[in-house]
Number of protein chains: 2
Amino acid sequence: MATRIVEPEAGPRSKRAAILAAAVDCFGETGFEATKWSTVAERVGIGQTALYHYFESKTHCLLTIMRLELQRSHDKFTEATEGVEEPTEALRAAVRAAYDVSDHEVLQMRILHNHMDLLSGTRKSKREEAERVEARKLVQLVERNWTNLLVKGMSMGAFPLRDAQLLGSGVLGLIVSVWRWYRPSGPTPLSEVSELIEGACVRMVAT
Amino acid sequence: MATRIVEPEAGPRSKRAAILAAAVDCFGETGFEATKWSTVAERVGIGQTALYHYFESKTHCLLTIMRLELQRSHDKFTEATEGVEEPTEALRAAVRAAYDVSDHEVLQMRILHNHMDLLSGTRKSKREEAERVEARKLVQLVERNWTNLLVKGMSMGAFPLRDAQLLGSGVLGLIVSVWRWYRPSGPTPLSEVSELIEGACVRMVAT
DNA sequence: GGATCAACCTGAGTTCAGTTCAATTCAGGT
DNA sequence: ACCTGAATTGAACTGAACTCAGGTTGATCC
């Protein structure tokens, strides 16, 4: 089993959680590059240099946010699909789970998928690289989750036989593409998106 | 009709095209943030400050690349679908056109979709903002292309009635999600991707 | 209650990539 | 030969990420 990064245990006056929350807001609303690292400090109510007590760099913070979101997504998928035997029902449950998120998690999704490319190249500093490697592992885990779901359905005869890996990344791509444009304040409620995508995925896979 | 940005006509010793080509290579391989603007200059064989004769900023160059790629995509879609009456055939043609690209264009796609978020917020400088606005217009045009294709198919009875706008952005999202992971040097040939996605789109829309 | 120690924080200063600017070269037209 | 504007450059500037050397806080132990 992959070793999860040891989450620094929160000393009673640690601001780590507050920094992460503020960073998610800033990076999500304004964009990572566009938000000044010092603005995050301001919002938390500390000097900019204090940030470096918790994160090695602005990018290290971003990678941490991405890893946490990936971990959350993976856990949610597992929770939603375990015990569901019927393949099509499992697929539906997985899709619904993907869109069962809070507004804050929407931001985290946006951040995650806007910076996936960061996970390709290696990082110079130790802790950044650790987060990157862990995040990459989680990406592969999530992809495997979907592939396995499809493979199972195909072997049970519920889904026609196709390249499960390719189709899996297609399904996943379709699902996460929503985070590029969806805004909680926008005209389309997430429930509507969820229903349409759920149907689309089923037709894509089970027809 | 929307006014296309006047492409600066090439003086005989203009290096604009060379800069764009080098930038696409660098941004595509290394990533936009990770590549130093001065590296692009080196590769072209000029001093870094000479770049500012052609582009207002590194970001201005990026936005230009994105706009050009969007223009290309739009033109290709139009060319591929015009005159194709049968909706399912039009859909198939559009998907195939989306994947009928050179290696260089793959890089451009990657750059484009890795920086879509840039098109949201307004830019401070004039020329950057002009490119951004134009690119945004093209994004909407491309989206409308797909939506129209679906609407047409639905009204002709070839596709079941669904929210064409939402389904359209789904189809588009599925198609472009490939550019996040596809590498010409990778194990999966683009032809294979194209076929699978083509089928997936048809099932998604026409079932 | 005072010593101790680690966690936490800060102001001043460094770095470095992107950018500006004034000055210069170059090529084509008259 | 001269002029004009495009193309280029070296030197200097900017600003945001980051470093450093030290200061503060508060929990714990005697």
Side-chain angles (χ1 to χ4, degrees), chain A residues 6-23 26-27 29-65 111 115 118 121 123-129 131-132, chain B residues 6-23 26-27 29-65 111 115 118 121 123-129 131-132:
Chain A
V6 284
E7 218 63 54
E9 47 215 283
R13 62 193 173 117
S14 169
K15 301 237 170 69
R16 205 184 115 98
I19 292 170
L20 281 170
C26 291
F27 297 169
E29 310 281 3
T30 319
F32 174 71
E33 302 297 337
T35 71
K36 297 184 209 172
W37 200 205
S38 62
T39 304
V40 175
E42 252 176 57
R43 191 171 296 204
V44 176
I46 57 179
Q48 11 183 344
T49 52
L51 293 171
Y52 293 91
H53 183 70
Y54 301 96
F55 298 101
E56 211 173 13
S57 64
K58 192 185 171 190
T59 305
H60 179 218
C61 178
L62 171 63
L63 286 165
T64 303
I65 291 170
I111 293 167
H115 297 94
L118 259 188
R123 303 258 100 208
K124 286 175 185 169
S125 80
K126 276 283 153 58
R127 297 168 70 197
E128 275 184 26
E129 179 64 5
E131 290 285 7
R132 187 191 73 84
Chain B
V6 283
E7 217 65 53
E9 44 217 284
R13 59 191 176 120
S14 168
K15 300 235 168 70
R16 204 183 116 99
I19 292 170
L20 281 169
C26 290
F27 296 170
E29 310 280 4
T30 319
F32 173 71
E33 301 297 337
T35 70
K36 297 186 208 168
W37 200 205
S38 62
T39 304
V40 176
E42 254 176 55
R43 192 170 296 203
V44 176
I46 57 178
Q48 17 182 343
T49 51
L51 293 171
Y52 292 90
H53 182 69
Y54 301 97
F55 298 101
E56 210 172 14
S57 65
K58 192 185 171 190
T59 305
H60 179 219
C61 178
L62 172 63
L63 286 165
T64 303
I65 291 171
I111 295 168
H115 297 94
L118 260 187
R123 306 256 98 209
K124 287 174 186 170
S125 79
K126 278 283 156 58
R127 297 168 69 196
E128 275 184 24
E129 179 64 5
E131 290 285 6
R132 188 191 73 84

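Labels below follow one simple rule: chain letters A, B, ... track the order of the sequence lines, proteins then strands, and each chain is numbered from 1.
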Short heteroatom pairs, N/O only, protein and nucleotides 22-25 of chain C, under 3.5 Å:
none

Item to complete: Round to a whole Å and report the spacing from NZ of B/K124 to C1' of D/dT14.
Response: 13 Å

Worksheet item: In whole Å, what is the span from the CZ atom of B/F55 to the P atom of D/dA7?
Response: 12 Å

[X] and [Y]: which non-hydrogen atoms are nearest, and at how many Å?
{"X": "B/C26", "Y": "B/T35", "value": "O-CG2, 3.2 Å"}
{"X": "B/C61", "Y": "B/F55", "value": "CA-CD2, 3.7 Å"}
{"X": "A/Y52", "Y": "A/S57", "value": "CE2-CA, 4.2 Å"}
{"X": "B/V40", "Y": "B/A23", "value": "CG1-N, 4.1 Å"}
{"X": "A/T30", "Y": "A/A34", "value": "O-CB, 3.3 Å"}

Discussion item. Between B/K15 and D/dT8, is there a contact of a side-chain N or O with OP1 or OP2 at under 4.0 Å?
Written reply: yes

Worksheet entry | Residues in contact with DNA chain C, drawn from residues 29-36 of chain B - heavy-atom cutoff 4.0 Å | B/T35, B/K36

Worksheet entry | Residues touching DNA chain D, which here means a heavy atom under 4.0 Å, drawn from residues 41-53 of chain A | A/T49, A/Y52

Worksheet entry | Residues touching DNA chain D, which here means a heavy atom under 4.0 Å, drawn from residues 56-64 of chain B | none

Worksheet item: Do B/H60 and B/S125 have side-chain heavy atoms sitting under 4.5 Å apart?
Response: no

Worksheet item: Excluding sequence neighbours, so at least two apart, what forms ring pair (Phe, Tyr, Trp, His ring centres under 6.0 Å) with A/Y54?
Response: none

Item to complete: Before accepting this row, confirm whether a basic side-chain N of the pair B/R132/B/E129 lies closer than 4.0 Å to the acidic partner's carboxylate O.
Response: yes

Worksheet item: How long is the gap from CG on A/L62 to CD1 on A/I111, to the nearest 0.5 Å?
Response: 7.0 Å

Worksheet item: Measuring from A/T39:OG1 to A/F27:CZ, what's the distance to the nearest 0.5 Å?
Response: 9.5 Å

Worksheet item: Any sub-3.5 Å donor-acceptor pair from A/K58's side-chain atoms to A/K36's backbone N or O?
Response: no

Discussion item. Among A/R127, A/E128, A/E131, A/R16, which residue satisfies the side chain to side chain donor-acceptor pair (under 3.5 Å) criterion with A/T64?
Written reply: A/E131

Practice prompt. Could I get the full list of salt bridge (Lys or Arg N to Asp or Glu O under 4.0 Å) partners for A/E56, not counting sequence neighbours?
Written response: none

